[in-house]
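All ligand and atom numbering here is 1-based and tracks the order in the structure. Side chains are part of it too, since the values below use all heavy atoms of this structure and drop only hydrogens, waters and symmetry mates.
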Amino acid sequence: MQIQSPDEVDDAPPRRLWSPWRMRYVGGDAAEPGCIFCNRIGGNDDVDSLILYRAPLSCAIMNLFPYNTGHIMLVPNEHVASPEDASLDALTEIATLLPKVLRALRRVLACHGFNIGLNVGSVAGAGVAEHMHQHVVPRWNGDANFMPILAGTTVMPELIPVTYSKLRAELSRESGTDSSVAVRWVLLDRNGEYVWLNAGAELPVVRPEPDAAIWRTVIEAAVGAGAGASVRVAGWAGSSRSDKGQPALALVADEELDDLGSFVPIEKARAMLAPDERQVLAQALKTHI
Ligand SMILES: [Zn+2]
């Protein structure tokens, strides 16, 4: 298996059937000045940067050019090219982060195995050679099927912002001191004009069982609340920074709702919600697809 870097992809045959998130890079952002990892680690919009988790010396970032769904990179915050230049503390932290990432990937994506590794130096295939990054690529039985072999193509079954929100919620739970986590969910109607509120005029919260995937528990709660069977995760609804705030997922009801029941018009909901809940709602509307 090869990890494709942006440079390598340019001359290669098409790798993905459908990858709309790549448009912003095709549009010119790929040539950003400086180091793409340092730029993201130094920024504040972790949702846009696809930073899933921040530890004091390192972080977990989703790959912008994934080989497979859920392709994550573990990156030291310091700009070093190779483990021999990194601090032992940063390397230890990354080693501690790895099992958390594996557990999160298994719960979210039900993968069967992983490729884990470092490409050090351009000659070894590193796309960004000056800032080391450890790849974690989920694998499934049968994923090396005829598509990548015959057509050089990988089918990406889920939009990156959706996978991002599911994984970030799980990593937030992994970073906690116990496996119990409170997760907010924001359910919007398909047009993003109404939001479902509890009777007490609050955004609802669930506490998933330790072994249950957070996103599944949230979907079940929304369906149980009367949203109908066609509910999907649309994106992240919590804080922009992954080291702040509790996890929150934005959901969308795909069907036209006949009975709006506990759905409240967005404008009215804004007036009813507490300030921190208004922020969660605003983020949900931003990631509403
Ligand atoms: Zn860097």
message = Less than 4.0 angstrom from a charged side-chain N to a carboxylate O is my criterion; do Arg184 and Asp276 meet it?
response = yes
remark   = Per residue His131, nearest N, O or S atom to the Zn ion (ligand 1) is named ND1
message = I'd like to know if the side chain of Thr69 pairs up with that of Glu158 as donor and acceptor (distance under 3.5 Å, no hydrogens or angles considered).
response = no
key: Candidates Val183, Val206, Ile219 - the one meeting side chain to side chain contact (heavy atoms under 4.5 Å, CB included) with Ile214   = Val183
task = Kindly report the SG-the Zn ion (ligand 1)-SG angle for Cys35 and Cys38 respectively, rounded to 10°.
result = 120°
task = Measure from the ring center of His135 to the ring center of His133 and say whether it is less than 6.0 Å.
result = yes
ask   = In His79, which N, O or S atom comes closest to the Zn ion (ligand 1)?
value = ND1
